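First up is the structure itself, then whatever we jot down about it.
Lettering of chains follows the sequences in order, A, B, ..., and the numbering in each one begins at 1. Not measured: the values here are computed from a predicted model.
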Amino acid sequence: MEEEITKSNFIKTIITEDLENGKNDGKVITRFPPEPNGYLHIGHAKSICLNFGIAREFKGRCNLRFDDTNPEKEDQKYIDAIIEDVKWLGFEWGETIHYASDYFENLYHFAEELIEKGKAYVCSLNAEQMRAYRGTLTEPGKESPDRNRPVEESLDLFRRMKAGEFDEGTYVLRAKIDMASPNINLRDPIIYRIKKMAHPRTGDAWCIYPMYDFTHGISDALEGVTHSLCTLEFQDHRPLYDWLLDEVSVPCHPRQYEFARMNLNFTVMSKRKLQKLVEQDYVEGWDDPRLPTLAGIRRRGYPPAAIRNFCNLIGVGKKENRIDVGLLENCVREELNETAPRVMAVINPLKVTIENWEDGITDELDALNHPQKPEMGKRKVLFSKHIYIEKEDFMENAPKKFFRLSEGREVRLRYAYFITCKEVIKDETGEVVELICSYDPATRGGNAPDGRKVKGTLHWVSEEGSIPAKINLYDRLFQDEDPEADTEHFTENLNPDSLVVLENGKVEKSLENAEPSMVYQFERLGYFCADSKESSPANLVFNRTVTLRDTWAKVKKKR
RNA sequence: UGGGGCGUCGUCAAGCGGUAAGACACAGGAUUUUGAUUCCUGCAUUCGGAGGUUCGAAUCCUCCCGCCCCAGCCA
């Protein structure tokens, strides 16, 4: 991995300065703290690459920590999926995976410490009253009648909360800060609530659970995190983060920095919408290749290196952004162009009969697996009397600018021979169903000894011995450029049953052994991933990854 | 209208008082056994706006404008 170091990252600047000033004993420890309540998507990749990338770059460490403080929404299946996704992106966290729930005991003691210091109290206001007492954006809040409850009484109540003596909603533990603060987060925030619910990891051990604000800072401190990186919406929480770490006897005081989350145009990123799409069966599951989930794009064939590079290119700042997905796709193409073996496939076949080729005879031709990389080797492809070309590679009454096949014109079949179209056969509806062509034996391999040139080169597939495959030509799930658009506005570009004919792999067997998740470049058609879910040697299924640039499309548009 | 943030090319993004990097997109051109790839070339006299300080401002000061976030016993 040769990730470039970009300067467009103010956090790296801060860390560099901290290091120069000898802070944190020269250590850099970050963490990636997802709540296991859904699948990770491309937006999370930014945070992952940032946190793990910084750890790697500064020779520090990044903890994977699950922020599992709300059993209502969380599930083991999300934990498993998240672990797999982070691994897939290429990052490591050492032996241990951390869980906020591992600190429940510590957290509880810190809460008691706060009560003992008179910095927290048990409050009996119900949710509705709490809201009323909180005040508004412009008006200060009112102090709870319980605010001056004696320490001993709060302690007793809190212990009984823990013991399960009270129903949900009857009591909460609140930090005693300032009900008149212009920052609403400081108006005596709730730090513990009663939830009589089993936790995926701690089971029935607890019936009180700590809130995010209380948990997060302390977890960071317990892990020795030096730089706690989160998204912009937590900026207003920073004073609370700092207040808490100052009041409680934790080993260190990490610093929180906020950055803007990644937004992509035309891309469904909200957890709510993704959940709806999955649960209401609009898609096959969280790993549906149309989805921008990490599991989805993995199945789609996006290489992890491309994602990492993308996250590097977009930078890290505080500005709201909506990045063009085109940049992502460019990163994917760039990576795949280097690594994907090329192969010929015909998606929309048009039969071609070579009139001067003897029936029953086959020829084996050399084809490069990568035109610019001979080290990737070559393979043999089969040529015979009957072959298929792409329907759109033939045009009647073609304009001069059309470089492909037309009646009377000569083109090159890639790695094979020059052929000339002699006759066009149509069915009763007038549709072209077959071409009769002649080939020039002297052009075997694709070059004419007499030096004559040909403008077009076509991909093709031999009828004999070709491999049929299924191709999922579906595209990314689009939504309006406006991310607020509803799921109803999604357009599906679904084409599940197209049949493709792949070049014969008789000699190299490369395709018959197509590895699931391996991405191939189908000549001129784009990049396709052998579907890791459905592919087997007997049943090849490909998902479209990204398309190639098509300047012929532009030429057509202009005319 | 309280508080916290943010405004540099179509989209990201460098720049931190010395006269606007780079990437994607876009537009031309060259090479090419796929109209791909690769390779050149062009693309902000101007930094949300208006004043001011200065020999000199995107960078400092003042005012104004616009956008985002916060009133879950979610994270």
Which residues share a side-chain hydrogen bond (donor to acceptor under 3.5 Å, both in side chains) with [X], sequence neighbours left out:
X	result
A:Ser47	A:Asn51
A:Asp67	A:His216
A:Asp393	A:Arg404, A:Arg524
A:Lys142	none

Geometric cation-pi criterion, A:Arg342 with A:Tyr520: 6.0 Å, 45°: no

Face-on cation placement of A:Lys162 at A:Tyr108 ring, 6.0 Å and 45° thresholds: yes

Nucleotide [N], atom [atom2] - distance to [atom1] of [X] in whole Å:
X	N	atom1	atom2	value
A:Asp324	B:rA25	CG	P	8 Å
A:Lys12	B:rG15	NZ	P	13 Å
A:Ile314	B:rA14	CD1	C1'	15 Å
A:Asn263	B:rC6	CG	P	17 Å
A:Ile14	B:rC16	CD1	C1'	14 Å
A:Lys554	B:rG29	NZ	C1'	14 Å
A:Phe259	B:rA13	CZ	P	13 Å
A:Leu327	B:rA25	CG	C1'	10 Å

Contacts of [X] that satisfy ring pair (Phe, Tyr, Trp, His ring centres under 6.0 Å) - sequence neighbours left out:
X	answer
A:Phe234	A:Tyr212, A:His237
A:Phe166	A:Tyr171
A:Phe214	A:Tyr192

Under 3.5 Å for both donor-acceptor distances, Watson-Crick or wobble: does [N] have a partner, and if so which one?
N	answer
B:rC24	B:rG10
B:rG18	B:rC55
B:rG72	none
B:rC63	B:rG49
B:rU38	B:rA30

Between [N] and [M], how many Å separate the two [atom1] atoms, rounded to a whole number?
N	M	atom1	value
B:rU8	B:rA50	P	16 Å
B:rA13	B:rC6	C1'	15 Å
B:rA23	B:rA14	P	15 Å
B:rG17	B:rA57	P	14 Å
B:rC47	B:rG15	C1'	10 Å
B:rG7	B:rG48	C1'	6 Å
B:rC70	B:rC63	C1'	27 Å
B:rA25	B:rC12	C1'	11 Å

Name the nucleic acid region contacted by [X], choosing base, sugar-phosphate or nothing; use a 4.0 angstrom heavy-atom cut-off, strictly under.
X	answer
A:Arg404	base
A:Leu458	base
A:Phe214	nothing

Salt bridge A:Lys73-A:Asp68, side-chain N to carboxylate O under 4.0 Å: no

Nucleotides 70-75 of chain B: protein proximity per nucleotide (B base, S sugar-phosphate only, - neither; heavy atom, under 4.0 Å): BBSBBB

Contacts of type side-chain contact (heavy atoms from CB on, under 4.5 Å), residue A:Ala553, not counting sequence neighbours: A:Asp550

Any residue meeting side-chain contact (heavy atoms from CB on, under 4.5 Å) with A:Ile184, in chain and number order, not counting sequence neighbours: A:Arg134, A:Leu137, A:Arg187

Contacts under 3.5 Å, N or O only, protein and nucleotides 7-9 of chain B:
residue: B:rU8; atom: OP2; partner: A:Lys319; partner atom: NZ; Å: 3.0

Toward the 5' end of RNA chain B, by each residue's nearest nucleotide, A:Thr551 or A:Lys318: A:Lys318

Residue whose closest nucleotide on RNA chain B lies nearer the 5' end, A:Ala416 versus A:Arg238: A:Arg238

Syn/anti state of B:rG15 by chi, 90° boundary around 0: anti

Distance in Å, A:Ile42 CD1 paired with A:Met269 CE, rounded so as to fall on 0.5 Å steps: 7.0 Å

Quick test: give all pairs of protein nitrogen or oxygen and nucleotides 37-42 of chain B nitrogen or oxygen below 3.5 Å, distance rounded to 0.1 Å.
residue: B:rU37; atom: OP1; partner: A:Arg549; partner atom: NH1; Å: 2.3
residue: B:rU37; atom: O3'; partner: A:Asn337; partner atom: ND2; Å: 3.2
residue: B:rU37; atom: O2'; partner: A:Asn337; partner atom: ND2; Å: 3.1

Polar side chain donor-acceptor pair, A:Arg452 to A:Asn447, under 3.5 angstrom: no

